[in-house]
2 protein chains.
Amino acid sequence: MEQRRADIIAEALEERIFDGTFSDGDRLDEVRLSEQFGVSRTPLREALQRLARSGLVELIPRRGAFVRQPGPVELMEMFEVMAEIEAVCGRLAALRISDAALQELHDANAKCQAAIDALEPDTYYIENERFHHIIYQQSGNSFLASEAGALHRRLKPFRRQQLRLRGRMDQSMAEHRIIVEALENGQPEAAADALRGHVAIQGEKFHSLMAALKSAAE
Amino acid sequence: MEQRRADIIAEALEERIFDGTFSDGDRLDEVRLSEQFGVSRTPLREALQRLARSGLVELIPRRGAFVRQPGPVELMEMFEVMAEIEAVCGRLAALRISDAALQELHDANAKCQAAIDALEPDTYYIENERFHHIIYQQSGNSFLASEAGALHRRLKPFRRQQLRLRGRMDQSMAEHRIIVEALENGQPEAAADALRGHVAIQGEKFHSLMAALKSAAE
DNA sequence: GTCAATAATCTTGTATACAAAAATAGTCTT
DNA sequence: AAGACTATTTTTGTATACAAGATTATTGAC
């Protein structure tokens, strides 16, 4: 009975979009889904609107809600923007970061390395995420940090896929160390460039992954 | 009866928030507003959720919708992000811009200048907006262009205020010319720096304006 | 058999009705 | 008189009912 119901439904739908239960172009039937979730159409419609806002669903007036998976082009664009935003965070953070935060970055990196050695990709993923969020925060601009976090979250399912690529985690670690070094030495442009490259390469890896999948399917 | 009703209401409420009819912290009563607009609570709640998504309203579960005007700090942060995003657009556009778009930028600038000479601030404002949107588009990244446009729109009411400052329009024109020059010569960093400065100064002007208003009120 | 027009059905958008949680007012106790 | 507890009243969140546009099926003409 709380407002949370729409949130719960939105999350569940999000999950189903990510895991492929719903694929691109599918229409999300309000009555069918509301029955499935055991709620009325009202909170379900609320959830759909929330998904529309985060771009997962397109709401066409009088027609319904359609799943809208970003295509390869749009994904590349989103990764490019993510790279640029992280670069900005890094440039600002190089001037504003606190000693405590630097310590936390070192800590996150150490745990990342430990996760690689222990072959625990999930732990690696979590610590990697923490690493990036610390930099967002240390930009000293909470609006920027919030926007960066939102895009980061939106790209989550796509970034995760290409973590499995051989050697990517080791390479990523090396890049993390260069980033921390630049931040530690207060070098804005170096930090920005390192972060831009670090994120942009994810987009590129994703691109080649997509291309490989596509050619394999033919 | 179209879905548009919620859009219309959202826009109307947005207007009232901007023009000061509703001020920061005000609770937006669903029944009162729905009566006022002559609709039921359903589309009105939809409109509130839309406003919540663009940050103008905070939706507290079981409590209601509260107007949330960004304070000076948050505004400064938003202008900083706008400046950085425009810088990114400029850097990418310097490499990707078309001749036709360059021509359009010249055209927009010419009309801006004409508007200044004719003392038509509204025309100036429209052409200035066009100038910036062309650069967003020419970043060659439609996701970036869309994000830039969204933030631009959100800052609209605050940017407009400080256009009235003496000499700002002339200074702005000079900056526009430098920006076009950098784009024309394909100089990414020069374009980025020029755009960053051009937008950042708006935030700073706004800041001093706010400070002036505040000290005048004491 | 194909196409078009129209009727039936389905689905969305909106209104109203109801339930539960907050806010408020009032009463009782100390 | 102050504070706490309870009852009342608002107000939000959800369900259901209804209206109108969109979709599909059916029928008729060519």
Side-chain angles (χ1 to χ4, degrees), chain A residues 1-18 20-70 150, chain B residues 1-18 20-70 150:
Chain A
M1 266 51 168
E2 324 91 64
Q3 196 212 27
R4 295 289 171 81
R5 231 177 245 203
D7 280 294
I8 294 165
I9 294 169
E11 249 178 85
L13 288 174
E14 199 175 289
E15 194 56 36
R16 293 193 194 183
I17 291 172
F18 287 153
T21 309
F22 302 127
S23 41
D24 192 55
D26 284 2
R27 193 174 70 83
L28 298 176
D29 191 284
E30 292 180 6
V31 291
R32 226 162 55 89
L33 287 172
S34 60
E35 281 168 10
Q36 212 164 321
F37 282 103
V39 298
S40 84
R41 278 174 56 219
T42 313
L44 194 119
R45 280 173 64 86
E46 233 178 81
L48 289 178
Q49 290 179 35
R50 202 154 307 191
L51 293 181
R53 190 256 173 199
S54 55
L56 286 151
V57 151
E58 189 175 8
L59 240 49
I60 302 176
R62 281 274 169 213
R63 298 284 302 274
F66 296 84
V67 176
R68 197 173 138 355
Q69 291 277 32
Chain B
M1 264 54 173
E2 324 92 65
Q3 196 211 27
R4 296 292 170 77
R5 229 177 249 204
D7 281 294
I8 294 165
I9 294 168
E11 249 178 87
L13 287 175
E14 201 174 288
E15 193 56 37
R16 292 193 195 182
I17 290 172
F18 287 152
T21 308
F22 301 127
S23 41
D24 192 54
D26 284 2
R27 193 174 71 83
L28 298 176
D29 192 284
E30 293 181 3
V31 291
R32 227 163 53 91
L33 287 172
S34 61
E35 281 168 9
Q36 211 165 320
F37 282 103
V39 297
S40 84
R41 277 175 55 219
T42 313
L44 194 119
R45 281 172 64 86
E46 233 177 83
L48 289 178
Q49 290 178 34
R50 200 154 307 190
L51 293 181
R53 268 141 222 173
S54 55
L56 286 152
V57 151
E58 189 175 8
L59 239 50
I60 302 176
R62 282 276 170 212
R63 299 286 302 273
F66 297 84
V67 175
R68 197 173 136 2
Q69 291 276 31

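In what follows, every chain begins at residue 1, and chains take the letters A, B, ... in the order their sequences are listed.
For the pair A:Glu30 CD and D:dG21 C1', the computed distance is 14 Å after rounding to whole Å. Rounded to a whole Å, the CG atom of A:Leu33 is 12 Å from the P atom of C:dT11. The distance between atom CZ of B:Arg41 and atom C1' of C:dA19, rounded to the nearest whole Å, is 12 Å. Atoms CZ (A:Arg27) and C1' (D:dT23) sit 10 Å apart, rounded to a whole Å. A straight line from CD of A:Glu35 to P of C:dC10 spans 13 Å, rounded to a whole angstrom. Rounded to whole Å, atom C1' of C:dT12 lies 11 Å from atom CZ of A:Phe66. Separating the CG atom of A:Asp29 from the P atom of D:dT23 is a distance of 14 Å, rounded to the nearest angstrom. Computed from coordinates, the A:Leu59 CG to C:dT12 P distance equals 10 Å when rounded to whole Å.
Residues B:Phe22 and B:Leu56 fail the side-chain proximity criterion, which asks for heavy atoms closer than 4.5 Å. Residues B:Arg68 and B:Val57 fail the side-chain proximity criterion, which asks for heavy atoms closer than 4.5 Å.
OP1 or OP2 of C:dA15 has at least one side-chain nitrogen or oxygen of B:Ser40 nearer than 4.0 Å. An OP1 or OP2 oxygen of C:dA15 is reached within less than 4.0 angstrom by a side-chain nitrogen or oxygen of B:Arg5.
Salt-bridge annotation for A:Arg45 and B:Glu46: present, with a side-chain N of the basic residue lying under 4.0 Å from a carboxylate O of the acidic one. Salt-bridge annotation for B:Arg27 and B:Asp29: present, with a side-chain N of the basic residue lying under 4.0 Å from a carboxylate O of the acidic one.
For A:Ala65 and A:Thr42, each mapped to the nucleotide of DNA chain C holding its nearest heavy atom, the one lying further toward the 5' end belongs to A:Ala65.
Contact detail for B:Ala6 and B:Pro43: the closest heavy-atom pair is CB-O, 3.8 Å. Counting all heavy atoms, side chain and backbone alike, A:Ala65 lies closest to A:Leu48 at CB-CD1, 3.9 Å.
Among C:dT12, C:dT14, D:dG13, the nucleotide with an atom closest to any side-chain atom of B:Glu46 is C:dT14.
With a 6.0 Å radius and a threshold of 12 heavy atoms from other residues, nucleotides or ligands, B:Arg53 has its CZ atom above the threshold.
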What protein N or O atoms touch nucleotides 22-25 of chain C N or O atoms at under 3.5 angstrom, if any, and at what distances?
{"from": "C:dA23", "atom 1": "OP1", "to": "B:Arg63", "atom 2": "NE", "distance (Å)": "2.4"}
{"from": "C:dA23", "atom 1": "OP1", "to": "B:Arg63", "atom 2": "NH1", "distance (Å)": "3.4"}
{"from": "C:dA23", "atom 1": "OP1", "to": "B:Arg63", "atom 2": "NH2", "distance (Å)": "3.1"}

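B:Val39 comes within contact range of the sugar-phosphate backbone alone, with a heavy-atom separation under 4.0 Å but no base atom that close. As judged by a 4.0 angstrom heavy-atom cut-off over every strand, B:Arg32 is placed among residues making no nucleic acid contact.
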